[in-house]
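Comments concern the structure below.
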Amino acid sequence: MRRRRAHSTQGYALIEMLVAMAIVVIIGTLAFLAFGNQDQRRLNAEAAEIALHLQTARMRALEAGRPIEIVVASEQGVIDAGGAQLALPDDLRISPQSAELILQPSGGSPGLVLELSRNAARKTVSLDWLTGRVVVQ
């Protein structure tokens, strides 16, 4: 003769509910970390692109042995470095909105500090006045 076990199928146990809630919280946290900081990631990529554009201008001035004019015109959405233009995204804010400087073959210039922002994300791209070194912070 077989014995029957009594099973309760009327609801969930407290432990099951806590485990389910913990899983939902973990998934939500991972989703927020993966997708919630897109502004900062985009800004990092754009700051690196601007820094590369300025560094390329420095190398072109050195190779040509002549100064290169750099013009920042954020209202027009462009940074021009001796004819090579870098288009800027529409939602990127740059301070100062406009700037002009001459980059010498030695790297010397009046210097430049560009404050980039998108929503709450912030980055700084600077061109050293003495050496022409480009730094992203």
Side-chain angles (χ1 to χ4, degrees):
M1 185 180 228
R2 243 179 172 177
R3 275 179 131 180
R4 283 188 155 175
R5 279 189 179 176
H7 288 293
S8 172
T9 59
Q10 294 181 0
Y12 295 104
L14 179 61
I15 297 290
E16 291 170 330
M17 289 296 286
L18 291 174
V19 168
M21 287 174 53
I23 291 170
V24 168
V25 167
I26 290 171
I27 290 172
T29 302
L30 291 175
F32 176 76
L33 291 175
F35 301 111
N37 208 2
Q38 287 183 349
D39 286 337
Q40 187 65 48
R41 282 187 291 192
R42 282 182 56 207
L43 191 63
N44 288 346
E46 289 156 359
E49 190 174 4
I50 290 170
L52 178 62
H53 188 66
L54 295 173
Q55 186 65 37
T56 302
R58 178 180 178 220
M59 298 306 282
R60 285 183 25 232
L62 180 63
E63 288 173 357
R66 62 179 176 77
I68 289 186
E69 182 180 23
I70 297 176
V71 178
V72 177
S74 64
E75 290 178 355
Q76 287 78 28
V78 70
I79 296 177
D80 185 296
Q85 293 189 345
L86 175 65
L88 302 171
D90 293 335
D91 61 342
L92 179 65
R93 290 184 303 280
I94 297 182
S95 177
Q97 290 184 348
S98 63
E100 293 182 28
L101 61 107
I102 302 294
L103 182 61
Q104 300 297 327
S106 65
S109 72
L112 178 66
V113 177
L114 297 174
E115 301 287 335
L116 312 176
S117 63
R118 172 180 287 109
N119 297 328
R122 306 261 184 267
K123 256 326 185 189
T124 302
V125 178
S126 57
L127 176 70
D128 185 73
W129 67 273
L130 182 60
T131 63
R133 181 174 174 228
V134 181
V135 178
V136 177
Q137 296 174 331

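These numbers come from a predicted model, not from an experiment.
Residues meeting the side-chain contact (heavy atoms from CB on, under 4.5 Å) test with Ala47, sequence neighbours left out: Leu116, Lys123, Val125, Val136. Listed by chain and residue number, Arg42, Pro89, Arg118 satisfy the side-chain contact (heavy atoms from CB on, under 4.5 Å) test with Asp91 (two or more places apart in sequence, or in another chain). With sequence neighbours left out, Arg60 forms a side chain to side chain donor-acceptor pair (under 3.5 Å) with no residue at all. Listed by chain and number, the residues in a side chain to side chain donor-acceptor pair (under 3.5 Å) with Glu115 are Thr124 (sequence neighbours excluded). Partners of Gln40 according to the side chain to side chain donor-acceptor pair (under 3.5 Å) rule, which considers only residues two or more places apart in sequence or in another chain, are Asn44. Listed by chain and number, the residues in a side-chain contact (heavy atoms from CB on, under 4.5 Å) with Ile23 are Val19, Ile27 (sequence neighbours excluded).
The CG atom of Leu92 sits 7.0 Å away from the OG atom of Ser117 when rounded to the nearest 0.5 Å. The CG atom of Asp39 sits 4.5 Å away from atom CG of Asn119, with the distance rounded to the nearest 0.5 Å. In this structure, Ile79 CD1 and Ile94 CD1 are separated by 4.5 Å, a value rounded to the nearest 0.5 Å. Atoms CZ and CG, on Arg93 and Leu43 in that order, are 9.5 Å from each other to the nearest 0.5 Å.
Residues Val134 and Leu86 share a single hydrophobic cluster, defined by chaining ILVMFWY side chains whose heavy atoms lie under 4.5 Å apart.
Minimum interatomic distance between Ala57 and Ile70 (heavy atoms only, all atoms of both residues): CB-CD1, 4.4 Å.
For residues 67-87, every residue pair satisfying the side chain to side chain donor-acceptor pair (under 3.5 Å) rule, not counting sequence neighbours, is listed here: Asp80-Gln85. Identified under the side chain to side chain donor-acceptor pair (under 3.5 Å) test for residues 128-137, with sequence neighbours left out: Asp128-Thr131.
Applying the under-4.5 Å side-chain rule to Ile, Leu, Val, Met, Phe, Trp and Tyr, the cluster around Val71 consists of that residue alone. Applying the 4.5 Å side-chain rule to ILVMFWY residues, one finds that Val78 remains a lone member of its cluster.
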When the side chains of residues 101-113 are checked against the rest of the protein, which donor-acceptor pairs come out under 3.5 Å, sequence neighbours left out?
{"unit_1": "Ser106", "atom_1": "OG", "unit_2": "Gly108", "atom_2": "N", "d": "3.4"}
{"unit_1": "Ser109", "atom_1": "OG", "unit_2": "Gly111", "atom_2": "N", "d": "3.0"}

